[in-house]
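Read through the structure below, which is laid out as structure tokens, and then see the notes.
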Amino acid sequence: MTGIPFKTWMEHIQDRTEKALEHLLPAHDLAPQRLHQAMRYAVLGGGKRVRPLLAHAAGDLSGAAPEQLDASACAVELIHAYSLVHDDLPCMDDDVLRRGKPTCHVQYDEATALLVGDALQSLAFHVLCDAPADGASLVQGVRLLAQASGSRGMAGGQAMDLAGVGQQLSLEELEFMHIHKTGALIRAAVLLGAGTALPDPELASLDHYAKRCGLLFQVVDDILDVEASTATLGKTAGKDAADNKPTYVSLLGLSRAKELAAELHRECLDALSGFGPRGERLVQLTDFIVARRF
Ligand code: GRG
């Protein structure tokens with residue numbers, strides 16, 4: 001897939017991921033039908049698929065074929081989809097719009113949405129266990145995804161996020177929260193895609209890239225929450241301010257938040273510079289993450 005324009009590559013991976021997820025999710029007429037239909041509703045037909053794109057772009061570093069990367073890409077996306085379903089519940093962010101359509105609990109009901117998240121999380125690990133890799137790499141991958149999504153990763157970050165409502169956080173505290181809430185899964189996508197074969201110095205550079213990219217993604221997300229419309233985002237714009245949540249924009253102001261995004265962007269590209277042409281897709285994808293308008 002080298003040599004084709006970024007947009008073509010991106011659409012190809014998005015399409016490939018959609019088909020793989022479609023195949024991996026239980027059929028809509030398989031019992032319990034309502035749960036399976038709600039799982040498919042939450043996962044299919046929406047989202048930018050940034051995490052699968054990161055996994056595939058990182059796979060280029062070790063020369064992995066797309067079919068070797070599908071399981072990791074889908075596993076991370078399933079965890080991400082579960083997190084969105086739970087995040088939208090009334091007991092968390094209480095939102096009614098996600099990916100341009102009613103949130104899962106609005107379309108179905110709260111109990112079903114809770115079970116959708118649970119079942120998507122289990123499915124993610126099931127899918128990862130079926131990845132075409134040797135036993136040791138599989139165990140390493142499962143451990144990585146478990147750490148990234150658990151209390152020392154995304155779920156922990158969400159707990160900090162909920163505790164931070166109405167609080168005045170320092171920049172360091174905000175960064176600590178986002179490294180866990182958003183960054184941990186983005187890091188897992190990159191590292192799972194790269195696999196276990198890279199030499200240690202390259203792995204260290206990639207790990208640095210992945211961590212800064214996670215933060216970059218969040219800073220851009222905070223900027224878009226202020227600047228973009230609900231129609232463009234496909235989720236409720238201005239929600240952070242309405243919910244009195246600390247964000248990079250509320251802490252730094254819009255203009256300094258944009259400077260921070262530019263600085264993190266530079267750091268990401270620096271971290272990738274040693275990879276040469278093998279890192280080209282990751283460079284392009286990082287540029288896309290910065291330039292995205294939704
Ligand atoms: C409920 C355990 C648990 C965790 C939820 C990730 C998360 C934690 C909540 C999502 C809320 C949110 C808006 C976080 C900001 C960054 C983020 C993850 C945005 C959504 O990701 P995108 O833009 O969404 O990749 P799409 O729909 O394109 O996949």
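In this chain, residues are counted from 1 in sequence order. First listed ligand is number 1; within each ligand, the first listed atom is number 1. In this text the structure is predicted, and so the values were computed from the model without any measurement.
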Does ligand 1 have an atom that lies less than 4.0 angstrom from a heavy atom of [X]?
X: Tyr82; value: yes
X: Lys235; value: yes
X: Lys239; value: no

Under 4.5 Å side-chain linkage, directly or through intermediates, the cluster mates of Leu114
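Hydrophobic cluster check, Leu114: joined to Leu89.
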What atoms in ligand 1 come closer than 4.0 Å to a heavy atom of [X]?
X: His86; answer: 1 (C)
X: Gln218; answer: 15 (C), 16 (C)
X: Ser83; answer: 1 (C), 4 (C), 5 (C), 6 (C), 7 (C)

Counterpart residues, ring-ring contact (aromatic ring centres under 6.0 Å, His included), relative to His80 (two or more places apart)
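Once residues adjacent in sequence are excluded, His80 has no partner under the ring-ring contact (aromatic ring centres under 6.0 Å, His included) criterion.
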Look at the rings of Phe288 and Phe294 and say which category their plane angle falls in: under 30° parallel, 30 to 60° tilted, over 60° perpendicular.
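Plane angle over 60°, so perpendicular.
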For the pair Phe176 and His180, name the ring-plane relationship: parallel under 30°, tilted 30 to 60°, perpendicular over 60°.
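Ring orientation of Phe176 relative to His180: tilted.
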So, is the end of the Arg51 side chain (NZ or CZ) under 6.0 Å from the ring centre of Phe217 and within 45° of the ring's axis?
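Verdict for Phe217: a cation-pi partner in Arg51.
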Cation-pi check, Lys258 onto Tyr248 ring (under 6.0 Å, within 45° of axis)
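Here Lys258 fails the 6.0 Å and 45° test against Tyr248.
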Which option out of Gln158, Met92, Lys48 puts a heavy atom nearest to atom 4 (C) of ligand 1?
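Considering heavy atoms of Gln158, Met92, Lys48, the nearest to atom 4 (C) of ligand 1 sits in Gln158.
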So is there a nitrogen or oxygen of Arg98 less than 3.5 Å from a nitrogen or oxygen in ligand 1?
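So ligand 1 has no N or O lying under 3.5 Å from an N or O of Arg98.
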Look only at interatomic distance and state if Asp87 has a nitrogen or oxygen under 3.5 Å from any nitrogen or oxygen of ligand 1.
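Such a contact does not occur with ligand 1.
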Heavy atom under 4.0 Å from ligand 1: found in Leu84's side chain, backbone, both, or neither?
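Side chain only.
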Distance-only polar pair, side chains of Gln284 and Arg281, donor-acceptor under 3.5 Å
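Checked: Gln284/Arg281 side chains pair up, N/O donor to acceptor below 3.5 Å.
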